[in-house]
Amino acid sequence: MWHLDHLAVVCADLDEGTAWAESALGVRFQRGGKHARYGTHNRLLGLGAELYLEVIAIDPEAAVSGPRWFGLDDFTGPPRLGNWIVACDRLDEALDQSPEGSGDSIELQRGDLKWRISVPVDGSLPVGGGWPTLIEWAQGTRHPASRLDDSGLRLERLTIGHPDAATLSSRLATKLIDPRIVFDAATAPSLSATFHAPQGVERYL
């Protein structure tokens with residue numbers, strides 16, 4: 001069975017994106033790291049057991065020879081929730097069950113974190129973001145969420161807007177059972193999330 005692993009705020013500048021997310025959520029992000037393969041860097045926020053949020057942007061100090069992931073080469077505008085990443089036990093099998101263009105299996109490592117992830121050749125989002133990026137953490141790797149301070153925020157709802165929402169929801173129904181995730185018909189792909197904060201406050205991305 002697949003399960004939601006993390007969410008990603010995408011932005012043109014990491015400091016700007018972090019400030020936007022911190023203002024929206026009322027919490028502080030922790031230092032993340034760099035992804036040499038794709039020339040990006042991030043900051044992180046713990047959302048409880050096995051779930052976290054990252055802010056990710058192109059690292060201006062990094063040079064890469066190919067497209068960056070998460071559609072960052074084509075990113076414009078203000079920071080926004082831009083990707084959802086779902087964990088699976090067997091990535092190759094999961095990709096066989098995914099729509100065409102969901103990506104190839106790429107093996108990555110940052111420090112003692114090791115994982116395989118699905119990335120389309122052109123660095124775009126699978127089905128424009130309507131299908132999740134898939135990740136398989138290496139056996140024995142301690143999940144990033146367990147390394148982060150607990151922010152106290154809990155995801156209440158993740159809404160995936162897409163012109164083909166009904167088809168995508170149906171294809172995922174037997175693989176990803178999570179009442180927090182809903183699909184909504186929309187003229188263009190979009191993501192939004194609602195979080196429950198301490199003292200009963202709701203926060204939004």
Side-chain angles (χ1 to χ4, degrees), residues 1-33 35 40-57 69-72 75 77-88 113 115 117 125-135 137 142-162 165 168-169 172-173 175-186 188-205:
M1 189 62 66
W2 302 0
H3 65 271
L4 188 62
D5 189 84
H6 66 282
L7 306 174
V9 168
V10 294
C11 52
D13 176 83
L14 186 59
D15 288 337
E16 178 189 7
T18 301
W20 174 81
E22 289 181 342
S23 176
L25 299 176
V27 292
R28 296 295 301 272
F29 278 67
Q30 294 177 234
R31 183 181 300 275
H35 315 101
T40 56
H41 54 172
N42 68 0
R43 296 202 179 111
L44 305 171
L45 182 74
L47 299 174
E50 296 191 342
L51 185 63
Y52 67 100
L53 175 67
E54 71 172 329
V55 178
I56 187 167
W69 55 2
F70 292 17
L72 284 169
F75 179 85
R80 62 179 178 267
L81 187 62
N83 199 10
W84 56 308
I85 299 87
V86 165
C88 56
L113 287 170
W115 70 98
I117 192 167
L125 297 173
V127 197
W131 192 260
T133 292
L134 299 174
I135 191 169
W137 294 102
R142 185 182 167 204
H143 192 269
S146 68
R147 306 164 184 244
L148 298 169
D149 297 336
D150 188 346
S151 68
L153 292 175
R154 294 295 181 267
L155 178 68
E156 283 190 357
R157 177 171 296 228
L158 172 66
T159 302
I160 297 98
H162 198 275
L168 293 170
S169 177
L172 273 173
K175 306 173 182 66
L176 178 64
I177 301 174
D178 190 331
R180 300 172 299 179
I181 301 173
V182 297
F183 282 81
D184 192 19
S190 63
L191 291 176
S192 61
T194 302
F195 300 88
H196 177 81
Q199 288 82 49
V201 176
E202 286 192 338
R203 302 282 186 172
Y204 306 95
L205 288 179

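FYI, side chains are in, hydrogens and waters are out, and symmetry mates aren't considered; it's all heavy atoms of this structure.
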Could you measure the distance from the [atom1] atom of [X] to the [atom2] atom of [Y]? Nearest 0.5 Å is fine.
X: Asn83; Y: Ile56; atom1: CG; atom2: CD1; value: 9.0 Å
X: Leu51; Y: Asp150; atom1: CG; atom2: CG; value: 10.5 Å
X: Gln30; Y: Thr18; atom1: CD; atom2: OG1; value: 12.0 Å
X: Leu113; Y: Arg147; atom1: CG; atom2: CZ; value: 4.0 Å
X: Trp84; Y: Leu155; atom1: CH2; atom2: CG; value: 11.5 Å
X: Arg80; Y: Ser190; atom1: CZ; atom2: OG; value: 10.5 Å

For [X], salt bridge (Lys or Arg N to Asp or Glu O under 4.0 Å) partners two or more places apart:
X: Asp149; answer: none
X: Glu156; answer: none
X: Arg157; answer: none

Run the side-chain contact (heavy atoms from CB on, under 4.5 Å) check on Val55 and Glu22 step by step: do they pass? CA-CA 10 Å; Val55 178; Glu22 289 181 342; over 6 Å; no

Indicate yes or no for a side-chain donor-acceptor contact from [X] to the backbone of [Y] under 3.5 Å, with no hydrogens or angles considered.
X: Arg203; Y: Ala197; result: no
X: Ser151; Y: Leu47; result: no
X: His3; Y: Glu50; result: no
X: Asn42; Y: Gly33; result: yes

With a 4.5 Å heavy-atom cut-off, do [X] and [Y] have their side chains touching?
X: Leu25; Y: Leu53; value: yes
X: Leu168; Y: Ile160; value: no
X: Asp5; Y: Val86; value: no

Which pairs of donor and acceptor atoms, one on a side chain in residues 6-14, lie under 3.5 Å apart (sequence neighbours left out)?
{"from": "His6", "atom 1": "ND1", "to": "Tyr52", "atom 2": "OH", "distance (Å)": "3.3"}
{"from": "His6", "atom 1": "NE2", "to": "Glu54", "atom 2": "OE2", "distance (Å)": "3.3"}
{"from": "Asp13", "atom 1": "OD2", "to": "Asp15", "atom 2": "N", "distance (Å)": "3.1"}
{"from": "Asp13", "atom 1": "OD2", "to": "Glu16", "atom 2": "N", "distance (Å)": "2.9"}

Residues Pro198 and Gly152: closest non-hydrogen pair is CD-O, 3.7 Å

Atom CZ of Arg28 with >12 non-hydrogen neighbours under 6.0 angstrom: no

Start with the C-alpha distance between Ile135 and Thr133, add both sets of side-chain angles, then the distance that settles side-chain contact (heavy atoms from CB on, under 4.5 Å), and finish with yes or no. CA-CA 7 Å; Ile135 191 169; Thr133 292; 5.8 Å; no

Chi angles and distances behind the side-chain contact (heavy atoms from CB on, under 4.5 Å) call for Leu205, Trp20: CA-CA 10 Å; Leu205 288 179; Trp20 174 81; 3.6 Å; yes

In chain order, what residues pass the ring pair (Phe, Tyr, Trp, His ring centres under 6.0 Å) check against Trp131, with sequence neighbours excluded? none

Go through the structure and list residues passing ring pair (Phe, Tyr, Trp, His ring centres under 6.0 Å) with Trp115, not counting sequence neighbours. Trp137

Trace of the side-chain contact (heavy atoms from CB on, under 4.5 Å) decision for Thr40 with His35: CA-CA 5 Å; Thr40 56; His35 315 101; 2.8 Å; yes

